[in-house]
Amino acid sequence: ATVPVAPLYGDMLMVRSDGEPPKADVSHGLTAIYQHDHDYFWIGGTARTDGTSGACDEAAVAGLIAGACSLLPGWDYTL
């Protein structure tokens, strides 16, 4: 049997926490926060079929930040 697949682009954003960093990776659905180095974290993710790889656009950044803030109620960020 074959399984049809199609390529997706996924965005990730590196951020720094000014407050208490999470003690573990956190995820729910596509949204995830991954520890990187001390108070730096990768926030992911998105899934899209169009566009190019490279820098996140403003809408992707806003979505990634909003998703991270929904997972960690003390985190807040305003674009």
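- Tyr34 and Val61 fall into different hydrophobic clusters, where Ile, Leu, Val, Met, Phe, Trp and Tyr are joined by side-chain heavy atoms under 4.5 Å apart, directly or via other members.
- A distance of 7.0 Å separates CG in Asp57 from CZ in Arg48, rounded to the nearest 0.5 Å.
- Atoms CE and CG, on Met14 and Leu64 in that order, are 13.0 Å from each other to the nearest 0.5 Å.
- Under the rule for a side chain to side chain donor-acceptor pair (under 3.5 Å), the partners of Thr46 that lie at least two apart in sequence or sit in another chain are Asp11.
- Considering CG of Leu13 and CH2 of Trp42, their distance stands at 8.0 Å, rounded to 0.5 Å.
- The distance from the CD1 atom of Ile33 to the CG atom of Asp25 is 9.0 Å, given to the nearest 0.5 Å.
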### Task
Could you walk me through whether Ile65 and Val15 pass the side chain to side chain contact (heavy atoms under 4.5 Å, CB included) test, one step at a time?
CA-CA 9 Å; Ile65 294 290; Val15 299; 4.1 Å; yes
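- Although no hydrogens or angles enter the test, the distance criterion places no donor-acceptor pair under 3.5 Å between the side chain of Gln35 and the main chain of Tyr40.
- Between Ser27 atom OG and Ile43 atom CD1 the span is 13.0 Å, to the nearest 0.5 Å.
- Scanning for side chain to side chain contact (heavy atoms under 4.5 Å, CB included) contacts around Asp39 gives Arg16, with sequence neighbours left out.
- In plain terms, the two heavy atoms of Met12 and Gly44 that are nearest each other are CG-CA, 4.2 Å.
- For Leu8, the side chain to side chain contact (heavy atoms under 4.5 Å, CB included) test picks out Ala47, Thr49, with sequence neighbours left out.
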